Amino acid sequence: MTLVSKDIQKAAELLNQGELVAIPTETVYGLAGNIFNKEAILKIYKLKQRPLFNPLIVHIKSAFELSNYVSYIPPVSQLLADAFWPGELTMVLKKQEHIPDWVTSGKDTVACRVPNHPLSLELLEYINFPLAAPSANPFGSISPTSVQHVLRYFQSSLKMVLDGGESRKGIESTIIGFEHDKPIIYRLGALSLEDIEKITGPVAIKNKNENTPEAPGMLAKHYSPVTPMHMAINIAEYIKNLPDLKIGVLAFQTRTDSPKIIHQEILSPSGNLHEAAAKLYAALHTLDSLHLDLIITERFPDKSLGKSINDRLGRACTSFD
Ligand code: TXA
Ligand code: MG
């Protein structure tokens, strides 16, 4: 049985023993272990079935701590930390020698973030090491935004989930790296490009599907439900031409009228992209549990968090119009 509790001391005790604990963050739940304990980190890779070339995010307790782990902080990176930490921003920076290779997959950089969740911040205060924590889901599948999602994946193999309720932001952090001190977005996420650019000015995005991705969240097939998923330009039109299938729909604001649709998830009837992002994964988890033949979705507005939602949906879809 997995212990589900808010007991920080118990979580700290397990982490001190080299065990893993799923922790709440404002973005998604993470599968956490002590960065300095090799066995713990290897357990993360094993449990997630994550390729070893795919480095982990290091969660630290405050922006002040950053200088203990990285060897150089570009001026713009300091501005971003001041503006957004604790929060849904991960920064990739040159690492110090003592950050183990098993956390960074041998890279000379480390991805750092101060998560914005009271329980996890309290936990980080309580222990004396940072936590490596990838999203608490098997590699390639939908990230968890609730305790139930974590348990669905890891019920039999995990000692404890620190119960922090539902993730407020609901989509992973935005990842930024620096090349010649210039910020570059490696993964679109819960912090919008617009908010970042208010601090940095225009930033480049390298969020493509490359063969050797900077951030494997960039791999084409990622964040996927088991049920086949299609992105349609017009949901109603697309459904008209389909044979009799059990269909689920994931849409931004409007319901589609069709007897073929068994279940619909409407993410924000009022058209709020932050609300839509917060509900995205829970909706996908629900749709994926209904044994449907097909999930149909649409493109969201290409601005603010709509960009991040489209990125995730694009990777989750098996086909497009
Ligand atoms: O919101 C989040 O970021 C969540 C919560 C738990 O903090 N974590 C998360 O972790 O999404 P994960 O492992 O699913 O995604 C981490 C991403 C991966 O795509 C990984 O490749 C990238 O961060 N990453 C880690 N270290 C890196 C590095 N040194 N250089 C480039 N990318 C790196
Ligand atoms: Mg992930």
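Counting convention: from 1, in listed order, for ligands and their atoms alike. The structure presented is a predicted model; accordingly, all values stated were derived computationally and were not measured.
- The atoms of ligand 1 that sit less than 4.0 Å from any heavy atom of Asn54 are 18 (C), 20 (C), 21 (O).
- Below 3.5 Å of separation, one finds an N or O of Arg113 facing an N or O of ligand 1.
- Aromatic ring orientation, Phe300 versus Phe252: tilted (interplanar angle from 30° to 60°).
- Short contacts between ligand 1 and Leu56, defined as distances under 4.0 Å to a heavy atom of the residue, involve ligand atoms 25 (C), 26 (N).
- Listed by number with element, the atoms of ligand 1 under 4.0 angstrom from any heavy atom of Ile175 are 17 (C), 22 (C), 23 (O).
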**Message:** With salt bridge (charged side-chain N to carboxylate O under 4.0 Å, His left out) as the criterion, how do Glu13 and Lys10 come out once you've worked through the C-alpha distance, each side chain's angles and the decisive distance to 0.1 Å?
**Reply:** CA-CA 5 Å; Glu13 184 187 314; Lys10 179 67 186 171; 3.6 Å; yes

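- Applying the side-chain hydrogen bond (donor to acceptor under 3.5 Å, both in side chains) test between Thr27 and each of Lys169, Arg168, Arg113 identifies Arg113 as the sole match.
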**Message:** Between Ser105 and Tyr45, does the side chain to side chain contact (heavy atoms under 4.5 Å, CB included) criterion hold? Intermediate values first, please.
**Reply:** CA-CA 11 Å; Ser105 303; Tyr45 280 95; 3.6 Å; yes

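- Under 4.0 Å from ligand 1, heavy atoms of Glu172 appear from its side chain as well as its backbone.
- Note on ligand 1: Thr104 sits outside its first shell, no heavy atom being nearer than 4.0 Å.
- Between Pro134 and Arg50, some side-chain heavy-atom pair lies under the 4.5 Å cut-off.
- At a threshold of 4.0 Å, the pair Asp311-Lys307 does not count as salt-bridged, since none of the basic side-chain nitrogens sits closer than that to a carboxylate oxygen.
- Under 2.8 Å from the Mg ion (ligand 2) lies no N/O/S atom of Tyr223, from backbone or side chain alike.
- For the pair Arg187 and ligand 1, the shortest N or O to N or O distance falls below 3.5 Å.
- Residues His149 and Tyr29 are not in side-chain contact: their nearest non-hydrogen atoms beyond the backbone lie 4.5 Å or more apart.
- Inspection of the Glu172 and Ser143 side chains reveals an N or O donor paired with an N or O acceptor under 3.5 Å.
- The option from Val110, Val92, Ile99 that lies nearest to atom 30 (N) of ligand 1, judged by heavy atoms, is Val92.
- Taken together through direct or relayed side-chain contacts under 4.5 Å among Ile, Leu, Val, Met, Phe, Trp and Tyr, Ile205 and Leu305 form part of one hydrophobic cluster.
- Counting non-hydrogen atoms of other residues, nucleotides and ligands closer than 6.0 Å to CG of Asp257 gives a total of 12 or fewer.
- Per-residue contacts place Ser173 under 4.0 angstrom from the following atoms of ligand 1 (heavy atoms of the residue considered): 1 (O), 2 (C), 3 (O).
- The nearest non-hydrogen atom to atom 24 (N) of ligand 1, considering only Ala22, Pro55, Pro144, comes from Pro55.
- Counting atoms of ligand 1 from 1 in the listed order, those under 4.0 Å from a heavy atom of Thr109 are 28 (C), 29 (N), 30 (N).
- Scanning both residues, Lys48 and Asn137, for their nearest heavy atoms gives NZ-O, 2.9 Å.
- In Arg50, the part holding a heavy atom less than 4.0 Å from any atom of ligand 1 is the side chain.
- Under a 4.0 Å heavy-atom criterion, Pro115 is not in contact with ligand 1.
- Proximity to Thr27 (heavy-atom distance under 4.0 Å) selects the following atoms of ligand 1: 1 (O), 2 (C), 4 (C), 5 (C).
- Listed by number with element, the atoms of ligand 1 under 4.0 angstrom from any heavy atom of Ile57 are 3 (O), 8 (N), 9 (C), 10 (O), 16 (C), 23 (O).
- Contact atoms of ligand 1 toward His59: 5 (C), 6 (C), 7 (O) (distance under 4.0 Å to a heavy atom of the residue).
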